[in-house]
Structure formats: structure tokens, C-alpha cells
Amino acid sequence: MTMGFHRGLHFLFIQVLWSVFAEGNKWKVTLPSRLSALTGSCLVVPCSFTHPSSHTPHSASWYLYSKMPSRYPLVYSSTRPEAVEAHFRGRTKLLGNVTHGTCTLLITEVTAQHNGEAIYPWIDNVGFKFYHTVVTLDVSETAAKPVMTISGELVEGHGVTVSCEVRHSCPLAPPTLSFERHGGEATVNSTEEGDGRWRLLSTITFIATAEDHGRPVGCKVTFPGGQKATTDLVLHVSYSPRSVNISADKTGVRVGTNVSLTCVSDANPPASSYRWYDLKGGTLICLNQSAETITISIADPEDSIFHCTAINNLGRANSTAAFVVAAEYEPTVLPESNCSYHIGRMICKCAVKARPLAAVYWRVDGQPEASTSASAVSHLSHIVEETWSTAGATENMSVICVVNNTHGQQEVLLRVFVKAPPTNVSIAQSPARPMVGETAALFCRGQGHPPLSLFRWYRMQGEGSIQLAEKSERLSLSELTRDIVSFRCLAINEMGESTSPVTVVNVEYAPIILPESSCSVLNEVIRCECVVDSHPAATVTWTPLNTDHNRTFNINSQLNGKILTSVLTAPKSENMSDVICNMTNEHGSALLELSIRGESRQVPSGVFGGVGFALVLLLGFILFSFWMFYTRQKHRNTRHVDYSMEEVELRTELEITYANTNHAGVPAGRVHWI
């Protein structure tokens with residue numbers, strides 16, 4: 001049994017070896033089952049075969065598969081080219097080396113007649129039935145469209161690659177690819193996919209822009225036979241808002257009504273939110289609105305200026321230009337509208353503000369009249385001004401200005417002014433109470449018709465005046481001083497001129513006690529004089545030092561312009577030494593302690609006494625000279641302005657009260673006068 005088993009295994013092993021050997025020595029042809037081709041182009045039919053090791057191949061032929069017995073139409077033959085079928089003759093060629101197992105066939109200038117035909121190779125003249133393996137030709141007269149794809153994110157500013165590819169069957173004469181409607185250099189790559197098919201790929205790379213959105217990019221394929229096909233690919237690029245502007249349902253809006261505004265933008269994806277702004281006085285005011293379309297109420301007769309901002313997930317952009325909403329309103333006759341009458345001639349002017357511009361009509365004493373001059377129009381301020389005039393009129397004539405536009409009408413009886421030179425010319429000061437060192441302005445006021453058109457200013461100096469360069473109604477004064485300065489102005493219109501009274505500039509300042517203030521004793525009478533310059537007038541307080549408890553004093557005060565002189569007199573007292581003069585107004589106060597000198601004071605003898613006496617004389621001479629100079633200057637400045645001076649004589653009695661004691665322990669006296 002064991003021997004029989006071993007014999008069985010041996011027999012099986014021999015059968016396997018024979019099968020492997022026999023399989024390795026069989027004929028086998030490898031072909032694609034079908035191939036596509038385009039008329040006019042070439043076709044490469046890939047073909048390979050295996051053969052028994054005992055046989056060496058020498059040649060290969062191709063035949064057209066035929067169901068007719070005993071008919072074997074030649075497609076290719078190197079030995080009998082004249083026997084090749086007519087529509088294959090001269091168009092076929094063997095590629096590769098037969099001895100290496102290659103039987104690839106090239107067919108050039110494929111025609112429609114080749115469509116549907118099946119062909120097969122034949123290696124040498126052996127008995128293997130090669131027609132069992134055929135390739136069927138599918139020939140088309142229309143080129144297939146290329147296939148286009150996009151790689152990369154289509155976002156503005158990002159890189160994008162567009163690819164175009166086509167399949168073909170002839171690597172020896174491939175088709176060409178070209179991009180249309182887009183720049184950029186193309187790159188081309190060809191690869192074999194197997195089974196007689198090749199893939200031709202062309203790409204372009206560019207940076208996406210907003211302008212690319214919606215733009216078609218074309219790819220055109222051209223085959224050797226002249227067939228062409230094109231594919232278009234529309235780009236969809238995402239980008240932030242741009243070209244932002246505002247549109248409205250109307251641009252002219254009557255005051256008190258509404259207008260709808262829409263923020264229009266170019267964006268992909270579309271803007272999802274908005275910001276609205278109103279320009280007021282040069283400042284952008286953010287409105288509490290975020291919709292694409294908003295409703296605004298127009299309440300201001302001036303133009304309303306709007307801006308908007310459009311926003312999407314990629315960014316934002318502001319409107320490129322302001323949108324102006326013209327506020328429209330009914331006519332209003334302006335206050336300067338009036339009539340001028342002079343010597344029988346009436347000239348009337350009617351100025352009206354309206355939007356749209358108003359038409360102007362006249363009704364004189366109840367009868368319609370036409371304007372006598374062309375309209376003066378200010379489109380910027382929306383004002384129309386027209387004039388009507390006549391000769392032989394009276395100043396009691398009734399002239400009505402009638403104005404209207406699409407929003408309303410107004411009738412105004414114009415006031416008639418009789419032409420006359422200026423009257424009631426005067427000077428006003430602003431502010432009314434400036435301080436020393438501050439700035440003030442004088443204004444020349446007056447009445448007259450026509451209105452005052454020219455002014456002249458004069459500063460009073462001595463007996464005369466000096467004309468100033470200023471010709472407007474306003475005269476500016478800077479760094480005011482205590483010196484009394486007066487002015488007058490001359491107002492002029494076309495009918496004449498008139499001058500104002502002389503006006504003193506009102507300047508206020510705190511009290512200043514002048515150097516001539518002093519005390520003296522004469523005939524046992526004490527006389528103290530306190531002279532103060534102030535405006536407004538100061539209140540005087542006298543305080544005697546070291547005096548009797550119940551002593552009575554006399555006070556005599558005079559106000560001359562802005563100079564107040566207060567004189568205290570009293571019988572001489574042994575224990576009365578000095579006296580204090582205190583001047584106060586709302587801007588401040590000034591205090592001076594005056595020494596009381598006797599009638600006769602002994603001067604020390606000797607050399608020291610002589611020198612001291614000389615010094616006293618010199619000091620007295622200097623003080624006297626200064627006092628004389630100040631007095632002359634004061635009189636010179638006030639000589640011609642006496643019209644503004646006022647003398648006031650104030651008399652009272654000094655009543656001494658002891659409120660407290662001074663630092664020396666002596667009761668301090670206080671006295672006030674009114």
C-alpha cells in the first residue's frame with residue numbers, strides 16, 4: 001500500500017510540472033477589448049503576446065475580423081502591403097519589436113469607416129487562432145469636451161489653480177489644449193492610463209480677484225483632424241464688500257416727511273450687516289440702524305448727508321461718496337424784503353427762500369404787476385430775489401409780494417421805508433464793564449434807510465480828533481488802561497451821514513490812592529486828605545489811631561470824574577498820632593496810613609541835623625514836583641471831557657467805635673461814611 005501511495009504522488013507531481021510547462025509554452029495575445037478614436041487623428045492599438053519557448057516569432061500581421069468563411073481581410077502586412085484593405089492601406093504601421101513580444105499597431109488618419117470594425121493580430125503562420133482576441137474600434141466624428149476642475153480656495157487674494165484635461169488615443173500626435181479669457185502661463189502634462197488611453201492635462205495658476213467673480217474661463221481642445229471642443233467654467237470668487245453707495249426712493253424730500261435709503265454694495269457673499277451715519281456739522285453721527293434699507297424722517301430744512309458701511313464675513317467697506325437728501329420746503333419771504341421811497345420813486349425788493357426755488361409775483365394796490373428786473377438766484381442758498389419799481393408813487397402805496405412753489409404759497413405786505421440820512425447815531429460798548437487789561441469793542445448804531453453802509457471812527461485828542469483806519473461798524477480795543485479815552489463815530493448811507501455824541505470808554509479798576517494824599521496840622525486843626533482813583537467810585541473808611549473815645553470828626557468828600565477826594569478834619573489832640581484811609585470798590589481796595597505832623601516841628605541841630613534837613617527838603621521837592629506833574633497831566637487829560645465829570649459832596653460825622661484792640665493794646669477805631 002505504501003508503495004502504491006508513493007507511485008500516486010509521483011504521477012501527480014509529473015502532471016503538475018507538465019501543466020506548468022505546457023501553460024508557459026502556450027500562445028496568448030493581450031489587447032484592449034475596445035478603443036476610441038476620432039476621425040482624422042491617429043490610433044495606437046497596444047498589443048503584446050506570449051509564445052511557446054520552442055518558437056521564435058519573426059513577423060506580425062493584422063486582420064479585419066470577418067464572419068465570411070475563407071475571407072481574411074488584411075489590415076497590416078509587411079510582406080503583402082498591396083493586399084491590405086483600401087481604407088487601411090498606407091495608414092497602418094507596426095510599432096515595437098515582434099521578437100520581443102510586441103505587436104502594437106498604429107493607425108493614422110482614422111476615418112468613419114473604421115467605426116465598429118474589429119481587428120486582431122497574427123504572429124507568423126502558426127495554427128493558433130488569434131482571431132479569438134479582437135479589439136473593436138469606436139470612431140467618432142465629434143470631439144469630446146475637455147474636463148475642467150478648480151483646486152484652491154476661491155477667495156480674493158488667494159492662489160487658485162484651474163485644470164483642463166482630455167483623453168485621447170494617439171500619443172504620437174496628441175491634441176492641444178489652450179485656455180481662453182484668462183491670462184497666465186499654462187503648463188501641460190501627458191500621462192498613459194493604459195488600454196490605449198492617454199491623459200493630457202493643462203493647468204494655470206493665478207491670484208483670485210473680485211473682478212474674477214462670475215467670469216467664465218474657457219479651455220479649448222484641438223485634435224489633429226481639426227475637431228475642436230470647448231468647456232467653460234464660471235468662477236465664483238468670495239470677496240469683501242466694494243463699490244458701496246446709497247440709493248433712495250427719492251432725492252427731493254419735503255421737510256417733515258420720510259425717505260427710504262438703501263446701502264448698495266458688491267460683495268460675495270452679500271453683505272450681512274450695515275452701519276449708517278449722518279454728517280452733522282462736519283461730524284459723522286452713527287445712527288441706530290443696521291438694516292440694508294432704512295427709513296429716515298427729514299426734519300431739517302438743510303441738506304441731509306448720509307454715509308453707510310457694508311459688512312460681510314470677509315471685511316467691510318464704506319460708501320465711496322456721500323448721499324445728499326435735498327430737503328424741500330414751502331417759500332418764506334425773508335426779513336430784508338421791503339420798499340424804499342424817495343421823491344416819488346418806489347423800489348421794492350422781495351427775497352424768498354424756498355426749495356424748489358419759488359416764483360415771485362407782485363400785487364400793487366390790489367392790481368397784479370410784473371417784476372421790473374431779472375431774478376437774482378442763489379442756487380446754493382435757495383434764495384430768489386426780484387425787484388419791482390415805479391415812478392410817480394406815494395409812500396402810502398400798498399405792495400404785496402406773492403411767492404409760491406410746489407409745497408405752498410405766501411403773501412407778505414412789504415414795509416415802505418422813506419429814504420433818509422442816518423438818525424439816532426450812538427456808540428454801544430461790549431462788554432459794558434471791562435476791566436483794565438481786557439479787550440472791548442465799540443459799535444456804531446443808527447437808523448436810516450437805506451441801511452448804514454459805511455462808518456468812520458474818531459478818537460478825541462485835545463480840542464480835536466484823529467480819524468482811525470477802521471471803516472466797519474465795530475471798533476476793537478485791546479489792553480484797556482485807566483486813561484480816559486473817548487470816541488465818536490460817523491454813520492453813512494447813500495442819503496447822507498450823521499455823527500454820534502462823544503463817548504468815553506467805560507473801564508473799571510480797583511482803587512489806587514494817589515501820591516497827593518497826606519495829613520497836616522494848621523492852627524491846631526488836623527486836616528487829612530485821601531485822594532483815590534477808581535471806577536466805580538470807592539467807599540471810604542477812615543480809622544484814627546490813639547484818639548479820644550468820644551472825639552467827633554468832620555469828613556468832606558468830593559467825586560470829580562473818577563477821582564474821589566475825602567478830607568478828614570478835627571481839632572488837634574495830644575494822643576492822636578496817625579490815621580488810616582481805606583478805599584474799597586467791588587474790584588478791590590487800597591489802604592494808606594497817614595502821619596499827622598504838627599505846625600512847628602523842631603529840626604535837630606549839628607552836622608547830622610543839617611544833612612537830615614537837606615534830605616527832607618530834597619525829598620519834599622521831589623514829591624512836590626511829582627505831584628505838580630501828575631496834576632497837570634490829570635488836568636490835561638480831563639480838560640476836554642468835563643461833560644462826563646460829576647461833583648459829589650459828601651458830609652458826615654466820624655463816630656468812633658471800639659471793636660477790638662490793635663497789636664499795641666490800644667483800641668482800634670473804625671469809621672464808615674455814606
Side-chain angles (χ1 to χ4, degrees), residues 250-256 281-282 298-305 322 324-422 444-455 471-474 491-497:
K250 49 191 172 182
T251 56
V253 183
R254 184 174 182 178
V255 173
I298 303 300
D300 195 332
E302 300 300 325
D303 289 344
S304 297
I305 304 174
V324 179
V325 176
E328 296 185 353
Y329 44 88
E330 61 187 12
T332 300
V333 176
L334 301 180
E336 59 263 30
S337 302
N338 58 63
C339 295
S340 297
Y341 175 81
H342 182 64
I343 315 177
R345 182 170 181 80
M346 183 81 75
I347 301 177
C348 298
K349 178 183 71 174
C350 185
V352 56
K353 183 178 179 68
R355 195 170 190 181
L357 295 174
V360 179
Y361 307 94
W362 300 90
R363 195 159 60 242
V364 180
D365 289 338
Q367 299 300 317
E369 295 282 348
S371 298
T372 55
S373 66
S375 299
V377 179
S378 173
H379 292 280
L380 184 62
S381 57
H382 318 295
I383 293 176
V384 174
E385 183 178 297
E386 291 199 14
T387 303
W388 174 85
S389 63
T390 185
T394 66
E395 59 183 279
N396 297 323
M397 184 174 286
S398 169
V399 181
I400 295 176
C401 177
V402 182
V403 296
N404 65 45
N405 69 0
T406 55
H407 299 303
Q409 177 174 306
Q410 186 181 23
E411 297 184 8
V412 175
L413 175 63
L414 300 184
R415 184 178 177 184
V416 178
F417 292 92
V418 178
K419 287 187 176 182
C444 191
R445 306 296 191 197
Q447 300 173 346
H449 192 80
L452 308 181
S453 57
L454 182 63
F455 301 87
K471 294 183 180 180
S472 68
E473 65 173 346
R474 185 179 189 273
I492 305 169
N493 67 5
E494 67 179 58
M495 303 305 296
E497 60 184 39

Discussion item. Does any part of the side chain of Q409, heavy atoms only, come nearer than 4.5 Å to the side chain of V402, both counted from C-beta?
Written reply: yes
Response to the item:
Rounding to 0.5 Å, atoms CH2 (W362) and CG (L414) come to a distance of 5.5 Å
Item to complete: Of all the heavy-atom pairs spanning T372 and S389, show the shortest one and how long it is.
Response: OG1-N, 3.1 Å
Worksheet item: Of the options N405, V403, V384, which is the one that meets L357 in a side-chain contact (heavy atoms from CB on, under 4.5 Å)?
Response: V384
Worksheet, complete the sentence: Heavy-atom nearest pair, G496 first then P421, reads CA-CB, 4.0 Å
Discussion item. Whether E386 and K349 form a salt bridge (side-chain N of Lys/Arg under 4.0 Å from carboxylate O of Asp/Glu) is what I want to check.
Written reply: no
Worksheet item: Closest approach of E395 and M346, non-hydrogen atoms and distance?
Response: CA-CE, 4.3 Å
Worksheet item: Which heavy-atom pair separates Y361 from A359 by the least distance, and what is that distance?
Response: OH-CB, 3.7 Å
Practice prompt. Take H382 and Y329, measure what side-chain contact (heavy atoms from CB on, under 4.5 Å) needs, and give me the verdict at the end.
Written response: CA-CA 10 Å; H382 318 295; Y329 44 88; 3.8 Å; yes
Worksheet item: Hey, what's the ring geometry for F417 with H449, parallel, tilted or perpendicular (30° and 60° as the breaks)?
Response: parallel
Worksheet item: Is any side-chain heavy atom of R345 closer than 4.5 Å to a side-chain heavy atom of S340?
Response: no
Fill in: Side chain to side chain, Q410 and N404, heavy atoms closer than 4.5 Å
no
Worksheet entry | Atom pair CZ (R355) and CD (E302), whose distance is rounded to the nearest 0.5 Å | 8.5 Å
Worksheet item: Less than 4.5 Å apart, any side-chain heavy atom of W388 and any of V399?
Response: yes
Fill in: Close side-chain approach of S453 and E494, heavy atoms under 4.5 Å
no
Worksheet item: Rounded to the nearest 0.5 Å, how far does CE of M397 lie from SG of C339?
Response: 9.5 Å
Practice prompt. Show the numbers, then the answer: is there a disulfide (SG to SG under 2.5 Å) between C348 and C401?
Written response: CA-CA 9 Å; C348 298; C401 177; over 6 Å; no
Fill in: Trace of the side-chain contact (heavy atoms from CB on, under 4.5 Å) decision for R445 with E473
CA-CA 8 Å; R445 306 296 191 197; E473 65 173 346; 3.4 Å; yes
Worksheet item: Where is the tightest heavy-atom contact between A322 and I305, given as atom of each residue plus distance?
Response: CB-CG2, 3.5 Å
Discussion item. Do P331 and K353 have side chains that approach each other closer than 4.5 Å (heavy atoms only, starting at C-beta)?
Written reply: no
Item to complete: Mind checking the OG-CD spacing from S398 to Q367? Nearest 0.5 Å is all I need.
Response: 11.0 Å
Item to complete: Would you mind reporting whether I383 and L334 have side-chain heavy atoms less than 4.5 Å apart?
Response: yes
Worksheet item: Is any side-chain heavy atom of C350 less than 4.5 Å from a side-chain heavy atom of V333?
Response: yes
Worksheet entry | Short side-chain to backbone donor-acceptor contact, N396 and T394, under 3.5 Å | no
Practice prompt. Might you work through the side-chain contact (heavy atoms from CB on, under 4.5 Å) test for V352 and T332, ending with a clear yes or no?
Written response: CA-CA 5 Å; V352 56; T332 300; 5.7 Å; no
Item to complete: Measure the spacing between NE2 of H407 and CD of E330 and express it to the nearest 0.5 Å.
Response: 9.0 Å
Item to complete: Indicate yes or no for a side-chain donor-acceptor contact from S371 to the backbone of S373 under 3.5 Å, with no hydrogens or angles considered.
Response: no
Item to complete: Measure across L454 and K471 and return the closest heavy-atom pair with its distance rounded to 0.1 Å.
Response: CD1-O, 4.0 Å
Fill in: E369 CD to I400 CD1 distance, which is reported to the nearest 0.5 Å
12.5 Å
